[in-house]
Amino acid sequence: MSAPAVELLGVHKLFDGGAHALDDVSLTVRPGEVVVLLGASGSGKSTLLRHVNGLHRASAGSVHVLGTDVGAAGGAALRRLRRGVGMVFQQFHLVGSLTVLENACTGALGALRGPRLGLPAYPRRVRGAALEQLDRVGLADQRFQRADTLSGGQQQRVAVARALLQQPRILLADEPVASLDPESAAQVMELIAALAREDRLTVLCSLHQLDVALAFGERVVGLRAGRVVLDRPVDGLDRDEAMAVYGTRAPVGVPVLAG
Ligand SMILES: Nc1ncnc2c1ncn2[C@@H]1O[C@H](COP(=O)(O)OP(=O)(O)O)[C@@H](O)[C@H]1O
Ligand SMILES: [Mg+2]
């Protein structure tokens, strides 16, 4: 068995202000696994993801990612770790006034020294690699368009290209399709799944839509009030079982609305 890509052991996170956002969370993710974090708003999904790239430190317990003890890692080790961990967010976080290609290029900033202003400031190989990633997400033709002229689904695909440019080993996606219409959401999730398979990425993706989770993930980890209440392969998981994450049963065909 290869070493885990991500391993949380007995992790607690207590925020100033009192929230017990993670309550004794243990989770082992093998390299190449695609894990969906499912849970209602406030259940701790974002907090968990932010422990994986060291944006949060555990109040108790341990977090190991790609062999690094995140809690003990200093500045240099954290920067190295973050280069191996790409991230995609609900709100895309593109710079609207920049072109699609320049937005994709910013994925290389962690590996370059200093800020870059304007496309020519990026090394040619970075521009070439960014264009390749844009091609993979189907947006090479839009490379010179301003990012804010794209649809939400297209913007998220640019964000995926940007994340992949850094050649991560782990991809964290925090509700990547929560702002998209169902059709674009399905497209973006299929794209993430296909590219992750191609690149043999380990994926942790938080979602609040049960149906998307069941269609996309290999393994579902359910969070409720900071606790892992479900950890199962998607195969054979039925809706009612998954709905226990929300403390309710799913009326068939009714979308789960929780953020
Ligand atoms: N930076 C923070 N400071 C204080 N409380 C926080 C912070 N981030 C999250 N929380 C609290 O932690 C809990 C889990 O939040 P979060 O991880 O954002 O949940 P989710 O992503 O599942 O909606 C919530 O009660 C939230 O209010
Ligand atoms: Mg969240």
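We count residues from 1, following the sequence as given. Both ligands and their constituent atoms are indexed starting at 1 by order of listing.
- On a distance-only criterion, H56 and ligand 1 share no N/O pair closer than 3.5 Å.
- In this structure, the separation between CG on L78 and CZ on R57 is 5.0 Å, given to the nearest 0.5 Å.
- With 3.5 Å as the limit, one finds no donor-acceptor pair spanning the side chains of R157 and Q154.
- Remark: side-chain polar atoms of E7 are not paired, donor with acceptor, to backbone N or O of H64 under 3.5 angstrom.
- For ligand 1, the atoms closer than 4.0 angstrom to any heavy atom of A40 are 22 (O).
- Using a cut-off of 2.8 Å, one finds that S46 contributes an N/O/S atom close to the Mg ion (ligand 2).
- Residue contacts with ligand 1, taken as heavy atom pairs separated by less than 4.0 Å, involve S46 via backbone and side-chain atoms alike.
- Taking distance alone, with nitrogen or oxygen atoms compared against 3.5 Å, K45 approaches ligand 1 more closely than that limit.
- T202 and E33 form no side-chain donor-acceptor contact under 3.5 Å, judged by distance and modelled atom types alone.
- Every atom of ligand 1 is numbered from 1 in the order shown, and the set under 4.0 Å from a heavy atom of A19 is 11 (C), 12 (O), 25 (O).
- We find the CD-CG distance between Q155 and N103 to be 8.5 Å, quoted to the nearest 0.5 Å.
- Residue G44 places a heavy atom under 4.0 Å from ligand 1.
- Contact annotation: for S206 versus ligand 1, there are no heavy atoms closer than 4.0 Å.
- Comment: D199 engages R136 in a salt bridge, judged by a side-chain N to carboxylate O separation of less than 4.0 angstrom.
- In terms of polar-atom proximity, G42 is counted as a contact of ligand 1, with an N or O under 3.5 Å from an N or O of the ligand.
- With hydrogens and angles left out, the side-chain atoms of D181 and S184 include a donor and acceptor closer than 3.5 Å.
- With respect to the salt-bridge test (charged N to carboxylate O, under 4.0 angstrom), the residues R219 and D231 qualify.
- Close approach to S41 involves these atoms of ligand 1, each under 4.0 Å from a residue heavy atom: 23 (O).
- Under a 4.0 Å heavy-atom criterion, G17 is not in contact with ligand 1.
- Any N or O atom pair closer than 3.5 Å counts here, and A21 shares no such pair with ligand 1.
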